[in-house]
There are 2 protein chains.
Amino acid sequence: MSRKRKPARPGAPANLTMADLAKLAGVSKITVSRALSDSPLVNQETRERIQDLAREQGYKLNVSARNLRLRRSHTVAVIVEMKPSNDRTMFDPYPLMLLGGISQELTAAGYSVLLTTRQGASAAAVQAADGMILLGQGVRQDAVRRFDKLGLPMVVWGAQGDHDDHVVVGSDNRQGGRAVAAHFIGLGRRNPVFVGNPGHPEIFERLSGFVDALAEHGVKPLLIRRDEFTLASGMDAVQSLAARHVSFDALFACSDLLAMGAVRALEELGRRVPRDVSVVGYDDMPLAASFQPPLSSVRQDWQEGGSLLARKMLAMIRDEAAQSEVLPVNLIVRAT
Amino acid sequence: MSRKRKPARPGAPANLTMADLAKLAGVSKITVSRALSDSPLVNQETRERIQDLAREQGYKLNVSARNLRLRRSHTVAVIVEMKPSNDRTMFDPYPLMLLGGISQELTAAGYSVLLTTRQGASAAAVQAADGMILLGQGVRQDAVRRFDKLGLPMVVWGAQGDHDDHVVVGSDNRQGGRAVAAHFIGLGRRNPVFVGNPGHPEIFERLSGFVDALAEHGVKPLLIRRDEFTLASGMDAVQSLAARHVSFDALFACSDLLAMGAVRALEELGRRVPRDVSVVGYDDMPLAASFQPPLSSVRQDWQEGGSLLARKMLAMIRDEAAQSEVLPVNLIVRAT
DNA sequence: GCAGCAAATGATATCGATATCAAGATATCG
DNA sequence: CGATATCTTGATATCGATATCATTTGCTGC
């Protein structure tokens, strides 16, 4: 067949193949292949000559061909859970923060990040990935199992307990809860409240650490269940406490927005923060530091979390053993 | 060669190929290929038989092989700019909001999203993509040109002006500015201030629409340049205005955090919002609505923006003409 | 001078899918 | 009944890279 390779688009140059380079250089294509991958099997001089030629001809490797031959894709699928409530943005912001670390680490190792939602995860490209990283609060056992059937290396972000048979990376939510408890106890608080949704595994851990550490001092917190992570929901929580005439002197909210709402509502009720009530949030979002009053909060290291997820993934791909791991968190004490 | 195909991992099942299915079904592999792609060329009965067989055997298509044969990857690279300041999170939150729409739209069309940073964009996998979507505030002409050399279809998110020879999708920042101007004029404000960094193309557009619309009423705003998008920076802007004894009765900040900081600083200075000064922010972040007082803001539709980027991309991949397009924004008037 | 070895290169098969062209089977028509 | 059209299936080549095994050349040592 003598027909010219047709470019993908009219403007684009027809792609050179290794065979073309080989002809130009007067060698065989396998030599080109070796030269371009810096193999010591080819003479250094030849190697450089071919590399220069490739550069000046604008040669681009055909990744599909290489992947086919090598039976791997050098790609990791990152599967993000959609929030149940679809009306707002598709993504939760926090799982996405992990993407930074993931992307950096994988890119450095020569891997690419294929981003999908749970819905899209059945797509062919995901099955072609060398591994999967699952992100997002709602990662439940059943979903995980479904993905596990794909038979790919898999790492999950989240709370430990639920997924015993998988590699899980997550912040030490339990430690976060304990740290806040210690902080409250240190301040002499005896009637703390926890605001959040313990149905969520990670938040359950926070609560659980909080409760355990308090129990060591004979203190038992009150749980106010709130499912939303909004400022309004935080205000509402405090208002409902007030309406029930509950007395409390400390409040631990499982998100900064909840905490901020709580602070606002407390102010409206004429209660001073932190004089009357100590408040601690979670996540230490950028706004927390410049909130008035500056909000105390538990900080998770998303960047490091993402890196760690990626490193576990790479280890599994290389058939090395990988253990679940928990990342320390920091209680940042500010004005509240 | 009679050696068994070795599975990627010990636990994983060896992958079936079309040839294996063909043998099982007693047909040729091309028939399997046709059956699985619902080709009308094969007898309906045969087709269903093969599809059932594939399902029950857990057959998975080898995407690399298909991509190689078809000379396309069904993948779109999304290239996110890193913030110059690397110390915090890698990503700006806002470009990421576009990912929702992009991902939904592309997934629905059978494409995957390959996420990279500018640094990682030279990786082989990006070159294998069928197209590129560039996101991020700092998308400058030189960077764009560099990517353009890859010869792939490309769509850029951002301000129009700068990139005449590319398909650009973005919010109508100019309209946003005009809308705020009209709002201020309607309230009888005559001494407005703009806070932001007009060195950024999108913000320049906001300022420019703002200035133009005000000029029609003989009003000329004061520009306070602030590069950061933080609450502290917004407070600082107002404080510096106060220190210079500038009188103003309206403030348009190019981000919600700046606007919130401004409101706080105004309160501290004893000036009432909105009685003494009207304030409008930009982006309408979730917090804006529950801010005290609820913040007026200009809302961009990120979801739709992402969808549109993706649709343009798909059109270009199909060799259809694609035009730059500008999305309307909405001024949400609340208490400020 | 020749066995033996290392260095450099190449011929061929292969990864798993699909396009092309050919061909057998069946149906339709005059 | 033979010719033509239609339906269904298959043999083969191909996409572009790399692994394997073979081959050539030059060199060392005895």
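Throughout, a chain's letter reflects where its sequence line sits, starting with A, and its residues are numbered from 1.
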Flag the pair [X] and [Y] as a salt bridge only when some basic side-chain nitrogen lies within less than 4.0 angstrom of an acidic carboxylate oxygen.
X: B:Asp52; Y: B:Arg49; result: no
X: A:Glu320; Y: A:Arg311; result: no
X: A:Glu105; Y: A:Lys312; result: no

Nearest-angstrom distance from the residue atom [atom1] of [X] to [atom2] of [N]:
X: A:Leu68; N: C:dT14; atom1: CG; atom2: P; answer: 14 Å
X: B:Leu41; N: C:dC21; atom1: CG; atom2: C1'; answer: 13 Å
X: B:Asn62; N: C:dT14; atom1: CG; atom2: P; answer: 17 Å
X: A:Leu36; N: D:dT18; atom1: CG; atom2: P; answer: 8 Å
X: B:His74; N: C:dA17; atom1: NE2; atom2: P; answer: 16 Å
X: A:Lys60; N: D:dA17; atom1: NZ; atom2: C1'; answer: 17 Å
X: A:Leu70; N: C:dC15; atom1: CG; atom2: P; answer: 13 Å
X: A:Met18; N: D:dA19; atom1: CE; atom2: P; answer: 11 Å

Review point. Taking atom CZ of B:Arg47 and atom CZ of B:Arg34, what is their separation to the nearest 0.5 Å?
Key: 12.0 Å
Check your understanding: If you measure from OG on B:Ser28 to NZ on B:Lys23, what distance do you get to the nearest 0.5 Å?
Key -> 12.5 Å
Exercise for review: Pick base, sugar-phosphate or nothing for B:Thr46, based on heavy-atom distances below 4.0 Å to the nucleic acid.
Suggested key: sugar-phosphate
Review point. Using the C1' atoms of the five pairs at each end, what is the angle between the end axes of the helix from C:dG1-D:dC30 to C:dG30-D:dC1, to 10°?
Key: 50°
**Study point:** Nearest listed nucleotide, side chain of B:Arg69, among C:dA19, C:dA13, C:dA8
**Key:**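 Selected nucleotide (nearest to the side chain): C:dA19.
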Point to revise | Comparing B:Ala65 and B:Asn43 on DNA chain D - which has the more 5′ nearest nucleotide | key: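 Upstream on the strand: B:Asn43.
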Are there any protein N/O atoms within less than 3.5 Å of an N/O atom in nucleotides 10-12 of chain C, and if so, which ones and at what distance?
unit_1: C:dG10; atom_1: OP2; unit_2: A:Ser28; atom_2: N; d: 2.8
unit_1: C:dG10; atom_1: OP2; unit_2: A:Ser28; atom_2: OG; d: 3.2
unit_1: C:dG10; atom_1: OP2; unit_2: A:Thr31; atom_2: OG1; d: 2.7
unit_1: C:dG10; atom_1: N7; unit_2: A:Arg34; atom_2: NH2; d: 2.9
unit_1: C:dG10; atom_1: O6; unit_2: A:Arg34; atom_2: NH2; d: 3.1

Exercise for review: Assess whether side-chain contact (heavy atoms from CB on, under 4.5 Å) is satisfied between A:Leu98 and A:Ile133, documenting all intermediate values.
Suggested key: CA-CA 11 Å; A:Leu98 292 164; A:Ile133 296 178; over 6 Å; no
Revision key, fill the gap. Result for side-chain contact (heavy atoms from CB on, under 4.5 Å) between A:Val78 and one of A:Thr116, A:Ile102, A:Leu309 points to A:Ile102
Check your understanding: With respect to A:Ser64, which candidate in A:Asn62, A:Leu68, A:Asn67, A:Leu61 satisfies the side-chain contact (heavy atoms from CB on, under 4.5 Å) definition?
Key ->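 Answer after filtering A:Asn62, A:Leu68, A:Asn67, A:Leu61: A:Asn62.
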Check your understanding: Any side-chain N or O of B:Ser33 less than 4.0 Å from the OP1 or OP2 oxygen of C:dT18?
Key ->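 For C:dT18, OP1/OP2 do have a side-chain N/O of B:Ser33 under 4.0 Å.
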Review point. Does A:Tyr59 have a side-chain nitrogen or oxygen under 4.0 Å from the phosphate oxygens OP1 or OP2 of D:dA17?
Key: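 True: A:Tyr59 side-chain N/O within range (under 4.0 Å) of D:dA17 OP1/OP2.
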Check your understanding: What is the minimum heavy-atom distance between B:Ala25 and B:Leu53, and which atoms define it?
Key ->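 Answer, listing the atom of B:Ala25 first, then B:Leu53: CB-CD2, 3.8 Å.
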